Amino acid sequence: MMDSIESAARQIRKDVLRMHQTGSNAGGAMSSADILAVLYFDTMNLESPDDPKRDRFVMSKGHCVSSLYSVLAQKGFIERDRLAEYCVDGKLLMGHPTRGGVPGIEASSGSLGHGLPMAVGMAWAAQKDKLGWRTFVLMGDGECQEGSVWEGAAVAARLALDNLIVIVDANNLQGYGRCEDILPINTLAAKFRSFGWSTMEVDGHDCAQISGALKAVPFEVSKPSAIIAKTVKGKGVREMEDSLGWHYFSVPKEKLQDFCDELE
Ligand SMILES: [Mg+2]
């Protein structure tokens with residue numbers, strides 16, 4: 001089982017490299033690949049994007065949506081050929097998730113700090129109507145500096161939303177540097193706990209660890225769960241790893257094959 005998840009993650013990284021011959025944010029898309037592979041191929045109850053009982057996923061770090069498009073193609077929700085539409089003018093696979101037109105995109109996101117509050121509303125709706133589906137949210141660590149994240153976190157705890165799960169892709173880089181240099185916010189796990197959440201920390205590139213944590217939610221009854229996944233920006237290609245530049249660079253055509261080979 002883990003083999004097929006790891007192979008899905010490798011496919012995400014290859015697709016991301018090909019898509020990012022234009023556009024920014026390949027590094028953050030690569031850091032989230034293992035988390036997305038586990039969510040979509042192990043954790044979530046999601047066979048069809050139209051099933052009312054499906055688990056919901058909100059990609060709050062919306063600038064890294066290329067990794068999600070790869071997953072949607074691997075699930076068969078969109079045609080694989082459409083990945084070539086990424087960031088092409090007039091096409092629907094935009095540089096941020098946009099609801100409508102792309103099956104499997106649950107929420108428009110990318111204005112950082114808005115995904116969690118939207119997910120709180122979704123989880124609350126499921127709780128009120130006593131529906132069994134869960135809401136998963138992927139956030140960036142830099143994103144956690146946004147005030148609206150903590151308004152959402154406080155409300156989620158107040159409403160006892162134990163059907164809400166946040167995963168933070170904690171790669172310790174954001175657009176302009178190290179998160180701890182730009183705006184340190186203590187440790188993220190301690191911060192979520194102080195807001196009434198249950199937390200677990202995992203290696204965000206160890207699919208078995210991620211899977212184990214996601215199988216254990218909710219960590220406590222009547223509390224929302226936050227998983228802090230320690231990751232490396234650009235994971236999988238040495239030149240890209242833990243490098244701020246890859247928040248912005250596109251993959252040069254002449255390097256694409258070497259980068260893809262390195263993933264094997
Ligand atoms: Mg980050």
Side-chain angles (χ1 to χ4, degrees), residues 3-44 46-50 54 56-110 115 136 138 140 167 169 171 205 207 231 233-237 239-241 246-264:
D3 280 358
S4 66
I5 296 169
E6 283 161 11
S7 131
R10 199 173 310 118
Q11 186 65 48
I12 293 174
R13 291 190 167 94
K14 283 188 199 163
D15 289 339
V16 163
L17 290 172
R18 285 190 201 105
M19 280 185 263
H20 281 277
Q21 291 177 80
T22 53
S24 303
N25 302 310
M30 306 265 284
S31 71
S32 68
D34 302 293
I35 299 164
L36 282 174
V38 174
L39 276 170
Y40 275 83
F41 297 101
D42 183 57
T43 306
M44 288 199 295
L46 177 60
E47 291 318 311
S48 153
D50 305 316
R54 72 193 183 280
R56 267 63 164 181
F57 175 72
V58 176
M59 185 130 191
S60 195
K61 49 174 285 182
H63 54 292
C64 298
V65 69
S66 56
S67 52
L68 178 56
Y69 292 148
S70 167
V71 164
L72 297 181
Q74 293 189 58
K75 290 291 276 188
F77 295 172
I78 61 173
E79 307 274 327
R80 167 151 287 281
D81 292 353
R82 288 191 65 186
L83 296 182
E85 295 179 8
Y86 177 68
C87 279
V88 173
D89 241 4
K91 302 289 188 184
L92 287 176
L93 296 196
M94 295 186 227
H96 291 80
T98 304
R99 191 158 185 257
V102 185
I105 299 287
E106 301 277 5
S108 298
S109 60
F136 295 86
L138 180 67
I167 304 112
D169 179 354
N171 57 27
H205 301 305
C207 292
T231 56
K233 200 162 195 147
K235 176 71 178 180
V237 174
E239 186 178 327
M240 298 173 71
E241 285 184 359
W246 285 95
H247 195 94
Y248 297 106
F249 298 160
S250 302
V251 177
K253 217 178 200 72
E254 66 276 12
K255 289 190 173 172
L256 179 62
Q257 194 55 52
D258 285 350
F259 282 9
C260 285
D261 290 348
E262 206 181 319
L263 294 168
E264 290 301 338

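Quick caveat: nothing in here was measured; it's all calculated off a predicted structure. Because only heavy atoms are used, hydrogens play no part in the values below, and waters and symmetry mates are left out as well, while side chains stay in.
- Of all heavy-atom pairs spanning G28 and D169, the tightest one is O-OD2, 3.6 Å.
- Side chain of R13 to backbone of M30: a donor-acceptor contact under 3.5 angstrom is found.
- In this structure, R80 contributes its side chain and I78 its backbone to no donor-acceptor pair below 3.5 Å.
- Proximity of a side-chain donor or acceptor of R99 to a complementary backbone N or O of S108 within less than 3.5 Å is not detected.
- Contact of the T43 side chain with the F136 side chain is registered, since non-hydrogen atoms from C-beta on lie closer than 4.5 Å.
- Annotation: the span from L17 atom CG to D258 atom CG amounts to 11.0 Å, rounded to 0.5 Å.
- For E79, the CD atom is loosely surrounded, since the number of other residues' heavy atoms within 6.0 Å does not exceed 12.
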Verdict with supporting geometry, R54 and M44, side chain to side chain contact (heavy atoms under 4.5 Å, CB included): CA-CA 8 Å; R54 72 193 183 280; M44 288 199 295; over 6 Å; no
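- Both cation-pi conditions hold for K75 and F41: the charged atom is under 6.0 angstrom from the six-membered ring centre and inside a 45 degree cone around its axis.
- Using a distance-only test at 3.5 Å, with no hydrogens or angles considered, no donor-acceptor pair links the side chain of K235 to the main chain of D34.
- Among I12, L138, L39, the one residue that satisfies the side chain to side chain contact (heavy atoms under 4.5 Å, CB included) test with S32 is L138.
- Looking at S66, its side chain never comes within 3.5 Å of a backbone N or O of V16 through a donor-acceptor pair.
- Between F57 and Y40, the angle of the ring planes goes over 60°, which puts this pair in the perpendicular group of the 30/60° scheme.
- Nearest heavy atom pair, residue G62 against residue P97, reads O-CD, 3.2 Å.
- In this structure, the side chains of V237 and V251 stay at 4.5 Å or more apart for every pair of heavy atoms.
- Classified by interplanar angle (parallel below 30°, tilted 30° to 60°, perpendicular above 60°), the ring pair Y86/Y69 is perpendicular.
- Between E239 and E262 there is no side-chain heavy-atom pair separated by less than 4.5 Å.
- Side-chain polar atoms of S7 and Q11 form no donor-acceptor pair below 3.5 angstrom.
- Here OG of S67 is found 9.0 Å from CD1 of I35. Values are rounded to the nearest 0.5 Å.
- Counting only heavy atoms from C-beta outward, the side chains of L92 and T98 never approach each other to under 4.5 Å.
- For S250 (side chain) and G23 (main-chain N/O), a donor-acceptor pair under 3.5 Å exists by modelled atom type.
- Side-chain atoms of Q21 come within 3.5 Å of backbone atoms of R18 as a donor-acceptor pair (strictly under, hydrogens ignored).
- Listed here is the closest heavy atom pair of N25 and C64: O-SG, 4.2 Å.
- Closest heavy-atom contact between N171 and S31: ND2-OG, 3.2 Å.
- Across D15 and Q74, no two heavy atoms sit closer than the pair OD2-NE2, 4.5 Å.
- Side-chain atoms of S109 come within 3.5 Å of backbone atoms of M59 as a donor-acceptor pair (strictly under, hydrogens ignored).
- Atom CG of L36 sits about 12.5 Å away from atom CD1 of I5, to the nearest 0.5 Å.
- K233 contributes atom NZ, which lies 9.0 Å from atom OG1 of T231 (distance to the nearest 0.5 angstrom).
- When side chains are defined from C-beta on, H63 counts as touching H247, because their heavy atoms get closer than 4.5 Å.
- With rounding to the nearest 0.5 Å, the separation of CG in L46 from CD in E106 is 7.5 Å.
- In this structure a side-chain-to-backbone donor-acceptor pair under 3.5 Å is present from S24 to Y248.
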